[in-house]
Structures are given as C-alpha cells and as structure tokens.
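Here's the structure, in structure tokens; my notes come after.
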Amino acid sequence: MKAEIITIGDEILIGQIVDTNSVFIAKELNKIGIDVYQITSVQDEEEHILQALSAASKQVDVVIVTGGLGPTNDDITKLTLCKYFNDSLTIDTEVLANVKALFKSLGKSISQLNKDQALLPTKATALHNKYGTAPGLYFDEGGVIYVSMPGVPFEMKALMKDEVIPRLKQRFKRPHIFHKTVLTYGMPESDLAEKIMPWEAALPSFIKLAYLPGFDRVKLRLSARGENALVLKENLQLQLEKLEKIIGDIIKGYEEDEDLQNLIAKQLTKQNKTITTAESCTGGRIAAELTAIPGASHFFKGGIVTYATITKTEVLGIPPAIIDEFSVVSAQITAEMAKRAKKLFNTDYAIATTGNAGPTKGDSDAEIGSVFISIAAPNRQETYAFNFGNEREKVIEKAVKKAMLLLLDEFLLKAED
C-alpha cells in the first residue's frame with residue numbers, strides 16, 4: 001500500500017509557512033500500514049495541481065490533498081478536482097446545514113461565499129468537518145482513493161482521524177506494523193552504528209532499523225511489518241532485549257517521539273521532586289522546554305533569566321565582588337546562580353547556565369562558545385565547563401540539550417538507582 005501527499009499553496013513554496021500537515025498525515029498513514037511514497041507541494045495553479053494528481057494516480061493507491069478548499073478566489077481545489085474527474089458542483093444540503101449552524105453558533109451572519117462551501121463535486125463523498133465550513137472530499141475512482149482536506153491544521157487533523165483513517169482501514173487490507181523508538185544519549189551516530197553493527201546485521205528481514213540523529217542524541221527506530229501481529233511483537237521485544245545488553249548504558253527511554261524534557265518530567269514526577277532554572281546564555285529556553293509539557297506545574301516552580309550582570313546581583317543576590325573576581329561567565333558564578341535559585345524558589349533541583357554565545361564577548365573575557373552549566377541537587381552540586389564552537393544559535397541549542405542531559409543522566413537517573 002502506497003500513498004502520496006499533495007500540499008497545495010503558494011505560502012508553502014515561498015517559505016511563509018512550514019508544511020506540518022504532511023508530517024502528521026504521514027504518521028497517521030504509517031500507523032495503519034500505508035507507506036508514503038512521495039510528498040509533493042504545488043502552487044495554487046490549476047495545471048500544476050492536475051499534473052500532480054495525474055502523476056500520483058499512476059504510482060500510488062491513496063492520494064491525500066490538503067489546501068485550497070476555502071471560500072476565496074485563490075482556493076481552486078474543488079474546481080480543479082471537478083475538471084480532473086470530469087465532474088460538476090452541486091449543493092450538498094447536509095453540508096449547507098452544517099455551515100449555517102456553525103455561523104449561528106458564532107453569532108455571525110453568513111455570506112454567499114460561505115454558503116458556497118456546500119457546493120461539492122457530485123462524485124465526492126462529503127467528510128464532516130466539525131471545526132470549519134469546508135468539508136473533506138472523498139473519491140474512489142479507478143481503483144485509487146483521493147482525499148481532499150482543508151489546509152488548516154486542526155481541521156485537517158480531526159478529519160484525518162475521524163473520517164479518513166476509518167475509511168482507509170475499511171477499504172484496504174493492510175499489514176500489521178509496529179514501531180519502537182529507542183532513545184540513546186551521549187554516543188555519536190558513527191560510534192553507535194559500529195558498536196551495534198553485528199546486532200543490526202542479524203535483524204530479521206521483517207524488522208528495519210533507522211538512525212535518527214540529533215545533538216547528543218540518536219534515536220533508533222525499529223519497524224516491524226507483517227501479517228502476524230503476535231510474531232511481530234515477540235520478535236520486536238526480543239531484539240530490544242538483545243540491544244539493551246549491548247548499549248544499555250546509553251539507553252534513556254523507549255517511548256515513541258519522547259525527548260529529554262519528557263524523560264526529565266517523568267523522573268521528577270516519579271520522584272516527587274521540583275526544579276527551577278537560572279539562565280543567562282540560554283535565555284529561558286530550558287524553562288520553555290520544561291514548561292511545554294502538560295502538567296509541568298507539578299514539578300516546575302518557576303525560573304529566572306539573569307541575562308545582564310546587574311540581574312545576577314540584584315535578583316539572585318550574588319555579591320559584585322565575586323563577579324569581579326571570577327568573571328560573569330565562570331564556573332563559580334554559575335554555581336552561585338544554581339545554589340541561590342534553588343533557595344529562592346525552594347526547589348529540590350536547580351539548573352543554571354552562563355556563557356558567551358557570541359558574536360561578541362559582552363561582560364566577560366571568556367572565549368566565544370564557552371558555556372558553564374551548574375546543577376544543584378538536594379545533597380550535591382556539580383558544575384561543568386564546555387566549548388560549543390562559535391555559531392551563536394548552535395552554542396545556545398547545545399547548551400540547552402547538554403544541561404538537560406546532565407540533569408537526567410547524572411542526577412535523576414542516578415538518584416532513582
């Protein structure tokens with residue numbers, strides 16, 4: 001089973017928006033055993049859309065289209081689909097009733113443009129859009145399924161889950177497919193690949209391995225595909241157990257799409273501990289990562305961005321004499337920040353960062369790329385020194401990731417043990 005995703009919109013091609021729809025759709029299709037063969041982005045232009053549809057129909061079983069279903073003149077998807085299928089538009093009374101009800105619930109008057117959202121190709125099955133006026137469209141033509149959905153992400157996601165996926169599951173016989181993502185931290189991709197090479201070479205043919213590298217992290221995604229669900233699950237678990245014997249010391253988690261902040265949140269919640277942040281060079285990004293997690297208020301009491309030297313002295317109370325002695329970017333000052341933030345917020349843990357991310361040195365003589373990270377725990381405190389290069393954004397990103405990795409690996413997991 002193969003699918004192609006076609007996104008329609010000039011705003012994607014000029015870089016005005018990021019195409020997150022394709023990512024979501026691909027994941028949902030993959031969950032039910034449908035491979036995405038290709039993702040194509042096209043202009044709001046009839047001929048371009050027709051060419052994309054024609055090409056897709058020759059190589060896949062399912063064509064998913066997003067965008068161009070709105071009420072304005074530049075939304076031409078419905079008319080183009082009519083031309084492609086040699087079809088015409090007609091009013092769908094159920095869709096019209098839904099549009100009217102939506103506007104009534106919002107207390108707004110309905111225009112003719114909005115009413116025209118109920119004009120649908122006669123060959124299409126309307127897919128109910130509970131969040132908007134443009135319904136999804138479902139065609140089964142020539143052995144190929146075509147689905148057209150609005151480009152608005154929350155409308156598309158609801159349609160995909162509630163309307164499209166159930167229909168595809170009923171329409172096609174698909175293999176079982178199971179994924180397991182292993183999260184490893186602290187070993188470069190090339191070193192990791194070399195270490196697990198014999199294990200990888202011995203994987204059964206129905207289990208595939210993919211490397212997904214990031215800074216200080218490599219995800220290993222195992223995908224098992226076949227007809228017998230029980231056999232797939234048993235073999236997947238067996239391979240994970242073998243892998244753990246080889247690299248168990250760098251495996252930090254197993255859950256799909258889980259990153260450092262989620263693992264930290266789980267450990268803090270499990271241990272009933274709290275944390276605060278005192279950030280200089282990272283500018284609040286560690287706090288942002290942690291508070292992006294639902295329920296973060298259970299373990300995150302608050303944080304402070306002490307970007308300027310005066311903030312370190314007036315808010316955290318670090319004596320100016322200490323800063324004059326050691327420099328604002330130093331192990332000593334970072335340790336003071338963590339210790340004082342922990343006391344200020346009355347938490348179990350505190351993370352502090354200082355550094356010179358560039359392009360100039362600011363209030364310190366420390367080399368550009370220098371970063372200090374300090375973590376204060378209930379019974380100990382450690383301060384670390386790094387140099388992350390001379391590209392500002394990368395220095396900051398690496399500092400954030402390293403701080404959270406140190407917190408998880410050196411403090412939370414060891415505390416659990």
Side-chain angles (χ1 to χ4, degrees), residues 185-186 215-216 260-261 264 268 274-292 300-412:
Y185 287 89
F215 173 70
D216 258 352
L260 274 173
Q261 61 269 28
I264 289 170
L268 287 169
T274 56
I275 192 169
T276 184
T277 57
E279 301 180 65
S280 184
C281 65
T282 50
R285 294 200 193 184
I286 297 173
E289 292 275 5
L290 294 175
T291 55
F300 188 81
K301 282 194 173 183
I304 183 169
V305 179
T306 57
Y307 205 73
T309 301
I310 193 171
T311 315
K312 295 176 178 68
T313 59
E314 293 189 355
V315 178
L316 287 179
I318 300 174
I322 299 179
I323 294 177
D324 291 341
E325 180 180 358
F326 295 106
S327 169
V328 70
V329 177
S330 63
Q332 291 83 358
I333 298 306
T334 314
E336 285 291 324
M337 288 169 59
K339 180 176 67 176
R340 291 167 184 269
K342 181 174 177 290
K343 182 178 180 180
L344 178 65
F345 286 90
N346 189 27
T347 56
D348 300 292
Y349 292 91
I351 305 178
T353 62
T354 66
N356 272 339
T360 61
K361 290 187 177 182
D363 294 340
S364 172
D365 290 330
E367 291 299 317
I368 293 174
S370 298
V371 172
F372 294 92
I373 299 168
S374 188
I375 301 176
N379 300 313
R380 68 187 178 103
Q381 182 168 357
E382 298 287 346
T383 304
Y384 309 84
F386 303 95
N387 191 294
F388 293 132
N390 57 11
E391 203 286 305
R392 180 178 176 82
E393 187 59 33
K394 288 185 178 179
V395 170
I396 296 170
E397 179 185 354
K398 288 179 179 180
V400 171
K401 296 299 183 184
K402 179 59 78 173
M404 294 199 295
L405 177 60
L406 289 168
L407 173 67
L408 178 67
D409 199 29
E410 297 296 321
F411 288 84
L412 295 177

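Atom set for the values below is all heavy atoms of this structure, side chains included, hydrogens, waters and symmetry mates excluded.
Taking both residues in full, the closest heavy atoms of Ala341 and Ala278 are given as CB-CB, 3.8 Å, listed atom of the first, atom of the second, then distance. Here the closest heavy-atom approach between residue Thr306 and residue Ser280 is recorded as O-OG, 3.5 Å. A pairwise comparison of heavy atoms in Ala350 and Ala338 identifies CB-O, 3.3 Å as the closest pair. When every heavy atom of Lys312 is checked against every heavy atom of Tyr307, the shortest pair comes out as NZ-O, 3.5 Å. The nearest pair of heavy atoms linking Ser330 to Ser327 is OG-O, 2.8 Å. Lys301 and Phe345 make their closest contact through CD-O, 3.2 Å (heavy atoms, listed as atom of the first residue, atom of the second, distance).
Leu344 has its side chain within reach of Leu316: a pair of non-hydrogen atoms, C-beta onward, lies under 4.5 Å apart.
Here the NZ atom belonging to Lys342 is positioned 8.5 Å from the CD atom belonging to Gln381, to the nearest 0.5 angstrom. Distance CZ/Phe372 to CD/Gln332: 7.5 Å, rounded to 0.5 Å. If you take CD1 on Ile351 and CE on Met337, they are separated by 11.5 Å, rounding to the nearest 0.5 Å. One finds the CG atom of Leu268 at 7.5 Å from the CG atom of Leu290 (value rounded to the nearest 0.5 Å). The line from OG1 of Thr291 to CD1 of Ile286 is 11.5 Å long, rounded to the nearest 0.5 Å. The distance from the CD1 atom of Ile318 to the CZ atom of Phe326 is 12.0 Å, given to the nearest 0.5 Å.
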**Message:** For a side-chain contact (heavy atoms from CB on, under 4.5 Å) check, start with the C-alpha distance between Ile396 and Phe388, then their side-chain angles and the critical distance, and finish with the verdict.
**Reply:** CA-CA 8 Å; Ile396 296 170; Phe388 293 132; over 6 Å; no
Next item on the list: Assess whether side-chain contact (heavy atoms from CB on, under 4.5 Å) is satisfied between Tyr384 and Glu410, documenting all intermediate values.
Entry: CA-CA 12 Å; Tyr384 309 84; Glu410 297 296 321; 4.0 Å; yes
- Decide yes or no on side-chain contact (heavy atoms from CB on, under 4.5 Å) for Ser370 and Asn387, but give the supporting numbers first. CA-CA 4 Å; Ser370 298; Asn387 191 294; 3.7 Å; yes
- Task: Could you walk me through whether Thr353 and Ile373 pass side-chain contact (heavy atoms from CB on, under 4.5 Å), step by step?
- Result: CA-CA 5 Å; Thr353 62; Ile373 299 168; 4.2 Å; yes
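There is no side-chain donor-acceptor pair under 3.5 Å between Thr383 and Thr334.
Listed for the Asn356 side chain is no donor-acceptor partner under 3.5 Å among the backbone atoms of Gly358. The main-chain N or O of Gly302 is found under 3.5 Å from a side-chain atom of Thr276 such that the two form a donor-acceptor pair. The main-chain N or O of Arg285 is never found under 3.5 Å from a side-chain atom of Thr282 such that the two would form a donor-acceptor pair. Without hydrogens or angle criteria, Thr274 side chain to Asp348 main chain gives a donor-acceptor distance under 3.5 Å. Put simply, the side chain of Gln261 never gets that close to the backbone of Ala292: no donor and acceptor are under 3.5 Å apart.
Salt bridge status for Glu336 with Lys339: present, with a side-chain N to carboxylate O gap under 4.0 Å.
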